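Small disclaimer: the values here were computed from a predicted structure and weren't measured.
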Amino acid sequence: MMPLLLRFLKMLGGFAVLWICIWLFNNFGCQKVESGEMEPTLKREAHKSVEPKIWSIDKLAIDDLVSYSVNIPGKSQPSYAARVVGIPGDRVAIKAGEVFVNGAKIGSNYVSTANRNDVKENYAEIIVPRDSVFVLCDNRRQFFNSDSRGIGPVGIWALNGKFK
């Protein structure tokens with residue numbers, strides 16, 4: 001009877017260790033970029049290391065890549081990746097496809113040439129609210145509904161983490 005109990009406890013302990021490792025990996029390890037919203041910077045289906053949940057906007061800076069969860073009608077994708085272009089208090093506008101933050105044009109070398117030439121949109125200037133960030137996907141032509149142009153500034157509560 002005792003060897004059987006000992007064997008059961010060993011199996012239970014092994015299962016617990018495995019479960020904890022999987023939990024840690026999912027919460028503090030990698031995240032899969034589901035679609036091509038960040039191409040060419042992050043390839044579709046890529047696994048990237050993520051700093052876990054962000055509790056303060058102060059930990060973010062312009063050009064940081066973040067993961068966030070948002071419920072977009074008609075889409076089943078649980079999370080998206082995008083680049084931070086505005087932090088609380090910043091004035092963000094898009095004129096003829098060019099992004100302006102606090103009146104200054106920001107570079108967009110990471111946006112593919114095809115996307116940069118095709119997207120000639122305008123977005124009225126907004127002030128990024130407290131505890132929120134303004135994010136844009138690098139693949140702007142195809143993913144305009146999943147970044148701040150379509151959903152508005154992303155609140156800290158929706159951020160899953162920051163890509164390392």
Side-chain angles (χ1 to χ4, degrees), residues 24-73 75-164:
L24 287 171
F25 180 77
N26 284 334
N27 287 297
F28 302 106
C30 289
Q31 182 168 336
K32 184 177 180 182
V33 179
E34 297 287 331
S35 56
E37 69 263 22
M38 287 303 293
E39 287 182 337
T41 307
L42 300 176
K43 298 294 181 197
R44 183 183 313 260
E45 302 292 321
H47 285 81
K48 291 290 288 180
S49 187
V50 173
E51 184 180 319
K53 188 75 176 156
I54 298 166
W55 300 107
S56 171
I57 293 292
D58 298 336
K59 293 187 178 215
L60 293 176
I62 303 297
D63 278 344
D64 280 347
L65 302 180
V66 294
S67 168
Y68 57 96
S69 296
V70 64
N71 187 10
I72 299 173
K75 293 196 177 188
S76 61
Q77 187 171 333
S79 64
Y80 293 89
R83 184 179 304 276
V84 174
V85 296
I87 56 176
D90 282 349
R91 296 181 338 258
V92 179
I94 301 175
K95 298 173 186 169
E98 297 293 339
V99 180
F100 293 84
V101 178
N102 298 325
K105 181 176 154 183
I106 62 169
S108 57
N109 296 335
Y110 40 79
V111 178
S112 72
T113 306
N115 285 337
R116 198 176 315 125
N117 292 337
D118 288 351
V119 180
K120 296 294 184 191
E121 66 191 347
N122 293 311
Y123 188 89
E125 183 177 89
I126 69 160
I127 298 175
V128 180
R130 180 178 46 175
D131 291 334
S132 299
V133 289
F134 194 94
V135 296
L136 291 175
C137 297
D138 286 358
N139 189 350
R140 296 194 184 144
R141 182 177 49 187
Q142 293 179 340
F143 290 90
F144 57 88
N145 284 336
S146 57
D147 62 18
S148 290
R149 295 170 296 167
I151 62 171
V154 176
I156 191 169
W157 56 89
L159 296 174
N160 300 326
K162 178 171 76 169
F163 289 98
K164 294 180 184 179

Taking only residues two or more places apart in sequence or in another chain, which ones pass side-chain hydrogen bond (donor to acceptor under 3.5 Å, both in side chains) with Asp64?
->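 side-chain hydrogen bond (donor to acceptor under 3.5 Å, both in side chains) list for Asp64, sorted by chain: empty.
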
Partners of Asp131 by side-chain hydrogen bond (donor to acceptor under 3.5 Å, both in side chains), sequence neighbours excluded?
-> none

Name all residues meeting the salt bridge (charged side-chain N to carboxylate O under 4.0 Å, His left out) criterion together with Arg130; count only those two or more places apart in sequence or in a different chain, and write none if there are none.
->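 Per chain and number, Arg130 pairs via salt bridge (charged side-chain N to carboxylate O under 4.0 Å, His left out) with no residue.
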
Counting distance only, does the side-chain N/O of Asp90 pair as donor-acceptor with the main-chain N or O of Val128 below 3.5 Å?
-> no

Under 3.5 Å donor-acceptor, Lys162 side chain and Lys59 backbone = yes

Mind checking side-chain contact (heavy atoms from CB on, under 4.5 Å) for Ile127 and listing every partner two or more places apart, or none if nothing turns up?
->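 By the side-chain contact (heavy atoms from CB on, under 4.5 Å) rule, Ile127 matches Arg91.
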
Determine the minimum heavy-atom distance between [X] and [Y], stating which atoms define it.
X      : Y      : answer
Ala81  : Tyr68  : C-CE2, 4.2 Å
Ile94  : Glu121 : CG2-O, 3.5 Å
Ser132 : Trp157 : OG-CH2, 4.4 Å
Pro153 : Pro129 : CG-CD, 3.7 Å
Asn102 : Gly89  : OD1-O, 4.3 Å

Just wondering, do Val66 and Val154 contact through their side chains at under 4.5 Å, heavy atoms?
->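 No; the side chains remain at least 4.5 Å from each other.
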
